[in-house]
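To start, the structure under review is shown below, and the notes come after it.
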Amino acid sequence: MPTTAMACVQSCEGWAGSILSCLKPTAKPNQNQVRVVLPLPISRRSALLTTLLPLDLIFVSPPSLARERRNRKTIPPEEYMTSANGLKYYDLVEGRGPIAEKGSTVQVHFDCIYRGITAVSSRESKILAGNRIIAQPYEFKVGAPPGKERKREFVDNPNGLFSAQAAPKPPPAMYSITEGMKVGGKRTVIVPPEAGYGQKGMNEIPPGATFELNVELLQLVSPKSS
């Protein structure tokens with residue numbers, strides 16, 4: 001081995017030996033001294049490679065505050081907006097498509113959540129043939145009387161024979177709160193009993209209960225101009 005290379009290796013080994021000697025515990029450790037324990041046996045070469053590891057493999061950076069804000073589940077009451085009929089809502093995603101107007105035919109996915117439990121959801125619609133469960137969008141007219149579209153005839157779609165009567169019943173609040181939403185938008189609504197399932201309740205939602213409604217506007221057909 002060339003003399004220069006040999007000298008470099010010896011220098012590195014000497015440096016590693018110095019590191020190991022510093023890590024040896026003293027005879028009388030005091031309370032302020034930090035003891036480092038390494039797995040044994042360990043060679044000088046391994047100790048040298050350990051000191052050359054990138055810092056990002058040793059220290060884990062804390063999560064960013066921005067990520068924590070995005071993942072928060074509780075929305076402060078003061079951040080909710082109030083609709084014309086007094087419903088409290090908050091736009092989780094604004095959307096970038098056309099705006100739903102009164103009279104627009106829209107397709108949505110909706111979830112009614114009570115105390116963290118999804119009680120009613122369009123993602124659990126039933127197919128009549130075979131009684132299968134699918135995520136079937138719910139279609140209705142914005143501002144129309146609640147439940148009118150549930151009387152439509154059976155339709156045959158790619159998933160099988162389906163009717164709005166087999167779909168979960170949405171709360172009356174959904175027929176008005178979707179007005180002003182953009183396609184692609186997601187909105188969460190605080191639904192009081194009078195705009196929800198009233199004194200009858202629905203599934204896990206008890207009579208007279210307030211619950212959370214999440215609506216995602218998938219697409220719409222704007223009303224035709226006269």
Side-chain angles (χ1 to χ4, degrees), residues 68-126 133-152 163-223:
E68 290 181 357
R69 286 193 296 268
R70 287 197 302 269
N71 294 336
R72 67 180 181 178
K73 296 181 180 180
T74 303
I75 303 170
E78 62 271 15
E79 294 189 14
Y80 279 85
M81 305 289 288
T82 304
S83 67
N85 56 354
L87 292 174
K88 296 290 184 180
Y89 70 93
Y90 180 88
D91 285 326
L92 302 169
V93 178
E94 184 176 357
R96 298 183 178 181
I99 300 176
E101 302 174 355
K102 189 173 183 178
S104 299
T105 300
V106 299
Q107 287 189 350
V108 304
H109 267 315
F110 71 91
D111 303 279
C112 298
I113 301 173
Y114 179 73
R115 295 187 175 181
I117 299 175
T118 301
V120 185
S121 175
S122 62
R123 305 175 201 275
E124 297 180 355
S125 302
K126 290 184 179 180
I133 302 297
I134 62 170
Q136 176 72 30
Y138 199 87
E139 183 175 312
F140 65 97
K141 279 190 176 183
V142 178
K148 183 178 180 180
E149 76 290 338
R150 295 177 62 83
K151 298 179 182 179
R152 68 185 181 184
S163 169
Q165 293 174 322
K169 181 181 178 181
M174 193 178 74
Y175 293 81
S176 61
I177 201 61
T178 46
E179 185 176 357
M181 289 185 66
K182 296 180 181 179
V183 171
K186 297 181 180 180
R187 178 171 289 182
T188 183
V189 191
I190 299 176
V191 182
E194 59 271 18
Y197 296 108
Q199 297 305 315
K200 293 184 178 180
M202 178 67 67
N203 298 342
E204 291 83 3
I205 300 177
T210 297
F211 59 91
E212 176 184 329
L213 168 67
N214 293 332
V215 182
E216 178 182 1
L217 181 56
L218 303 175
Q219 60 178 346
L220 64 87
V221 179
S222 299

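Values reported hereafter were calculated over all heavy atoms of this structure, with side chains retained and with hydrogens, waters and symmetry mates removed.
Using modelled atom types, one finds no donor on one side chain facing an acceptor on the other under 3.5 Å when comparing Ser104 with Lys141.
When every heavy atom of Pro172 is checked against every heavy atom of Pro146, the shortest pair comes out as CB-CG, 3.9 Å. Residues Ala100 and Val142 share a closest heavy-atom pair of CB-CG2, 4.4 Å. Taking every heavy atom of both residues into account, Pro168 and Ser121 meet most closely at CG-O, 2.8 Å. In terms of heavy-atom proximity, Met174 sits nearest to Pro170 at CE-CB, 3.3 Å. Across Gly147 and Tyr175, no two heavy atoms sit closer than the pair N-OH, 3.1 Å. Contact between Gly196 and Pro171 at its shortest, heavy atoms only, is CA-CB, 4.0 Å.
Heavy-atom contacts from other residues, nucleotides or ligands closer than 6.0 Å to CD of Glu194 number more than 12.
Interatomic distance, CD of Gln219 versus CD of Gln107, reported as 4.0 Å (0.5 Å rounding). Within the model, atoms CD of Glu139 and CG of Leu220 stand 11.0 Å from one another, a figure rounded to the nearest 0.5 Å. One finds the CD atom of Glu216 at 8.0 Å from the CE atom of Met181 (value rounded to the nearest 0.5 Å). Leu217 CG to Thr178 OG1: the interatomic distance, rounded to the nearest 0.5 Å, is 7.5 Å. Taken to the nearest 0.5 Å, the CG atom of Leu218 stands 5.5 Å off from the NE2 atom of His109. Atom OG of Ser83 is separated from atom CZ of Arg187 by 8.5 Å, given to the nearest 0.5 angstrom.
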Exercise for review: Go through Phe211 and Val120 one step at a time and tell me if the side-chain contact (heavy atoms from CB on, under 4.5 Å) criterion holds.
Suggested key: CA-CA 11 Å; Phe211 59 91; Val120 185; over 6 Å; no
Practice item. Would you check, one step at a time, whether the test side-chain contact (heavy atoms from CB on, under 4.5 Å) holds for Arg96 with Val183? Key: CA-CA 6 Å; Arg96 298 183 178 181; Val183 171; over 6 Å; no
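In terms of modelled atom types and a separation under 3.5 Å, the side chain of Asn203 and the main chain of Ala119 share a donor-acceptor contact. A donor-acceptor pair is defined here as one N or O able to donate and one able to accept, closer than 3.5 Å; no such pair exists between the side chain of Tyr80 and the backbone of Thr188.
The aromatic rings of Tyr138 and Phe110 sit perpendicular, their planes meeting at an angle over 60°, well past the 30° parallel limit.
Considering only heavy atoms from C-beta on, Val108 comes within 4.5 Å of Phe140 through its side chain. Residues Pro192 and Leu87 meet the side-chain proximity criterion, which asks for heavy atoms closer than 4.5 Å. The closest side-chain heavy-atom distance from Thr118 to Cys112 is not below 4.5 Å.
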